Engineer: 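Below is the structure I would like to discuss, written out as structure tokens.
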Amino acid sequence: MLDPSNTTIEVNKAHYSFGSMKLGDTLVHTYFVKNTTNDDLIIKNVQSNCGCTVADFTKTPVKEGDSARVNIRFIPNKIGKTRKDVLLEANIAPPFTVLSISGEVVK
């Protein structure tokens, strides 16, 4: 685990709704995580809570005022309302930030 530092971040919207979606669709949403301090932002990991949600993220240090990208790819695998969380781990205190997606899966 990275040691917490003085680094802080800003996420415009930590939750995104896809609205209505179809079973088996491939949906993508990009979060922008802004570094709001002088220290470099380092994202160590981004993990989802299910296999239907995959995250890809900026792996290089992010300078002051710049933003990292966190791409979430979601492939719904069952009908009904859904919410999935991804956990972003970085050199911030506390070290974890929850990003989430939701929507309603229809046939």
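These values consider heavy atoms only, across backbone and side chains, with no hydrogens, waters or symmetry-generated copies. Computed from a predicted structure; not experimentally measured.
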Engineer: State, to 0.1 Å, how close T82 and V105 come at their nearest heavy-atom pair, and which atoms those are.
Structural biologist: CG2-CG2, 4.0 Å

Engineer: Quick one: list whatever passes ring pair (Phe, Tyr, Trp, His ring centres under 6.0 Å) with F32, sequence neighbours left out.
Structural biologist: none

Engineer: Run the side chain to side chain contact (heavy atoms under 4.5 Å, CB included) test against H15 and tell me which residues pass, sequence neighbours left out.
Structural biologist: S17, R83, S100, S102

Engineer: Please name all residues satisfying ring pair (Phe, Tyr, Trp, His ring centres under 6.0 Å) with F18, sequence neighbours left out, ordered by chain then number.
Structural biologist: Y16

Engineer: Side-chain contact test, heavy atoms from C-beta onward, threshold under 4.5 Å: evaluate it for L87 versus V46 and give yes or no.
Structural biologist: no

Engineer: For K107, give me all partners under side chain to side chain contact (heavy atoms under 4.5 Å, CB included), at least two apart in sequence or on another chain.
Structural biologist: I79

Engineer: Is any side-chain heavy atom of P76 less than 4.5 Å from a side-chain heavy atom of K22?
Structural biologist: no

Engineer: Output every pair passing disulfide (SG to SG under 2.5 Å) with a member in residues 71-107, not counting sequence neighbours, ordered by first then second residue.
Structural biologist: none

Engineer: If you count heavy atoms of other groups shown closer than 6.0 angstrom to CD of E104, is the number above 12?
Structural biologist: yes

Engineer: Count I, L, V, M, F, W, Y as connected when their side-chain heavy atoms are under 4.5 Å apart, and connections chain through other members. Are L27 and F57 then in the same cluster?
Structural biologist: yes

Engineer: What is the distance from atom CD of E64 to atom CG of D39, rounded to the nearest 0.5 Å?
Structural biologist: 9.0 Å

Engineer: With sequence neighbours left out, write down each residue that passes side-chain hydrogen bond (donor to acceptor under 3.5 Å, both in side chains) with N49, or none if nothing qualifies.
Structural biologist: none

Engineer: How would you list, by chain and number, every residue that makes a ring pair (Phe, Tyr, Trp, His ring centres under 6.0 Å) with F74, sequence neighbours excluded?
Structural biologist: none

Engineer: Could you state whether M21 and I101 fall into the same hydrophobic cluster, counting links through intermediate Ile, Leu, Val, Met, Phe, Trp or Tyr residues with side-chain heavy atoms under 4.5 angstrom apart?
Structural biologist: yes

Engineer: Enumerate the residue pairs fulfilling salt bridge (charged side-chain N to carboxylate O under 4.0 Å, His left out) with a member in residues 69-80, sequence neighbours excluded, ordered by first and then second residue.
Structural biologist: none

Engineer: Are the side chain of S48 and the backbone of C50 linked by a donor-acceptor contact shorter than 3.5 Å?
Structural biologist: yes

Engineer: Are side-chain heavy atoms of I72 and Y31 found at a separation under 4.5 Å?
Structural biologist: yes

Engineer: Only counting residues at least two apart or in another chain, list the ones meeting side chain to side chain contact (heavy atoms under 4.5 Å, CB included) with K34.
Structural biologist: E10, T36, S67

Engineer: Could you list the residues that satisfy side-chain hydrogen bond (donor to acceptor under 3.5 Å, both in side chains) with D25, not counting sequence neighbours?
Structural biologist: none

Engineer: For K63, give me all partners under side-chain hydrogen bond (donor to acceptor under 3.5 Å, both in side chains), at least two apart in sequence or on another chain.
Structural biologist: D40

Engineer: Give the cluster check for F96 versus V98: same hydrophobic cluster or not, with ILVMFWY residues linked at side-chain heavy-atom distances below 4.5 Å.
Structural biologist: yes

Engineer: Has N35 got a side-chain atom pairing as donor or acceptor with V62's backbone, closer than 3.5 angstrom?
Structural biologist: yes

Engineer: Going through the distances and angles, do V33 and L88 end up as a side chain to side chain contact (heavy atoms under 4.5 Å, CB included)?
Structural biologist: CA-CA 10 Å; V33 181; L88 179 147; 4.0 Å; yes

Engineer: For the hydrophobic clusters of this structure (ILVMFWY residues joined by side-chain heavy atoms under 4.5 Å, transitively), does one cluster hold both V86 and V54?
Structural biologist: no

Engineer: Taking salt bridge (Lys or Arg N to Asp or Glu O under 4.0 Å) as the test, write out the residues that go with D56, two or more places apart.
Structural biologist: K59

Engineer: With no hydrogens and no angle check, is any side-chain donor or acceptor of N91 less than 3.5 Å from a backbone partner on P95?
Structural biologist: no

Engineer: With rounding to the nearest 0.5 angstrom, report the CG to OG1 distance, L99 to T53.
Structural biologist: 12.0 Å

Engineer: CD1/I75 to SG/C52 distance, rounded to the nearest 0.5 angstrom?
Structural biologist: 8.5 Å

